Amino acid sequence: RRQRRQQDLVRALSENYLVVCAFNLDTGQGERVRLAEQARAGLEPMFGDRPAMAETLASYIERRVHDDDREALAAALDRDAILAELAERKRFNALYRAVRGDEVEYCQATVVRAGSWAPGEDRFIVLGLRNVDQETREEMKQKELLEEALYRANRASEAKSTFLSNMSHDI
């Protein structure tokens with residue numbers, strides 16, 4: 001059973017996560033599966049070997065999450081909210097901004113349902129936190145470029161319509 005859960009953990013989060021934890025939603029207890037080298041200094045005190053879900057997430061959100069995103073992330077990672085989300089699907093993501101020193105970085109929390117969740121069995125989740133700053137900033141830049149192109153196309157269309165209207169009137 002434990003081996004199957006470990007396999008689920010590996011499959012669930014195959015990307016480069018800073019921290020990966022497994023939590024039992026019924027007991028609130030967890031185990032840290034992986035803490036990336038670059039995350040050790042900042043996350044080690046919060047994500048110990050046997051983290052308690054509520055306390056660990058509350059501490060992380062208070063210490064590392066941008067003020068404007070704390071409430072939304074806390075709501076998304078609330079036990080009842082996780083149960084509701086994972087009743088509908090096997091995985092969900094929450095985007096937020098993390099603060100490290102003077103820097104603000106876009107991050108993503110991914111929650112994955114692990115195991116069968118059959119009646120009478122414990123309900124386990126895998127939580128992974130990863131930095132998505134570069135990808136998010138590139139997407140934002142692409143969105144800005146597309147919006148600028150759309151604006152220019154609309155202006156050109158308006159100019160063309162005005163020109164044709166004036167020509168039609170003059171003829």
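Since the model is a prediction, treat every value here as computed from it, not as a measurement. Reckoned from all heavy atoms, side chains included, excluding hydrogens, waters and symmetry mates.
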Run the salt-bridge test on Arg100 and Glu105 with the 4.0 Å N-O cut-off and return the result as yes or no.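 Salt bridge flag = yes for Glu105 with Arg100.
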Provide the closest heavy-atom pair for [X] versus [Y] in the form atom of the first, atom of the second, distance.
X      : Y     : answer
Gln29  : Arg50 : OE1-O, 4.5 Å
Cys21  : Pro51 : SG-CG, 4.2 Å
Ala76  : Ala94 : CB-CB, 4.2 Å
Cys107 : Leu95 : O-CD1, 3.1 Å
Asn24  : Asp26 : OD1-N, 2.7 Å

Test side chain to side chain contact (heavy atoms under 4.5 Å, CB included) applied to Val65 and Glu71, Arg70, Arg97, the passing residue: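 Going through the options one by one, the only one that passes is Arg70.
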Residue among Ile82, Val111, Ile125 satisfying side chain to side chain contact (heavy atoms under 4.5 Å, CB included) with Phe23: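 Only one of Ile82, Val111, Ile125 forms a side chain to side chain contact (heavy atoms under 4.5 Å, CB included) with Phe23, namely Ile125.
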Decide yes or no on side chain to side chain contact (heavy atoms under 4.5 Å, CB included) for Arg91 and Arg113, but give the supporting numbers first. CA-CA 6 Å; Arg91 173 186 185 128; Arg113 191 169 79 184; over 6 Å; no
Quick one: does Arg130's side chain have a donor or acceptor within less than 3.5 Å of a partner on Leu18's backbone?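 Between the backbone of Leu18 and the side chain of Arg130 there is no qualifying donor-acceptor contact (under 3.5 Å).
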Hey, are the side chains of Gln108 and Asn131 touching, using non-hydrogen atoms and a 4.5 Å cut-off?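 They are not in contact (no side-chain heavy atoms under 4.5 Å apart), so the answer is no.
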Would you indicate whether the side-chain heavy atoms of Val19 and Met46 approach each other to under 4.5 Å?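 Counting from C-beta outward, Met46 and Val19 never come under 4.5 Å.
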Spatial distance of atom CD1 (Ile61) from atom CG (Leu77) [nearest 0.5 Å]: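 So the CD1 of Ile61 and the CG of Leu77 are separated by 5.5 Å.
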Any chance you could measure Phe124, atom CZ, to Thr27, atom OG1, to the nearest 0.5 Å?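 If we round to the nearest 0.5 Å, Phe124:CZ and Thr27:OG1 are 6.5 Å apart.
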Show the atom names and distances, to 0.1 Å, of all donor-acceptor pairs under 3.5 Å that link a side chain in residues 154-164 to residues at least two apart or in another chain.
residue : atom : partner : partner atom : Å
Asn154  : ND2  : Leu150  : O            : 3.4
Ser161  : OG   : Ser157  : O            : 3.1
Thr162  : OG1  : Glu158  : O            : 2.9

Tell me every residue that passes ring-ring contact (aromatic ring centres under 6.0 Å, His included) with Phe47, counting only those two or more places apart in sequence or in another chain.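 Expected list: Tyr60.
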For Leu25 and Met53, run side chain to side chain contact (heavy atoms under 4.5 Å, CB included): C-alpha distance rounded to whole Å, both residues' side-chain angles, the deciding distance at 0.1 Å, then the answer. CA-CA 8 Å; Leu25 288 179; Met53 184 174 153; 3.7 Å; yes
Is there any ring pair (Phe, Tyr, Trp, His ring centres under 6.0 Å) pair reaching into residues 62-99, and which pairs are they, with sequence neighbours excluded?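 Every candidate ring pair (Phe, Tyr, Trp, His ring centres under 6.0 Å) pair involving residues 62-99 fails, so no pair, neighbours aside, qualifies.
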Go through the steps for Leu57 and Asp78 under the test side chain to side chain contact (heavy atoms under 4.5 Å, CB included), then give the verdict. CA-CA 9 Å; Leu57 295 179; Asp78 175 73; over 6 Å; no
Begin with the C-alpha distance, continue with both residues' side-chain angles, and end with the deciding distance and a verdict on side chain to side chain contact (heavy atoms under 4.5 Å, CB included) for Trp117 and Leu86. CA-CA 10 Å; Trp117 282 36; Leu86 294 182; 3.8 Å; yes
Take a 6.0 Å sphere around CD of Glu147 and say whether it holds more than 12 heavy atoms from other residues, nucleotides or ligands.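 Count over threshold, so yes.
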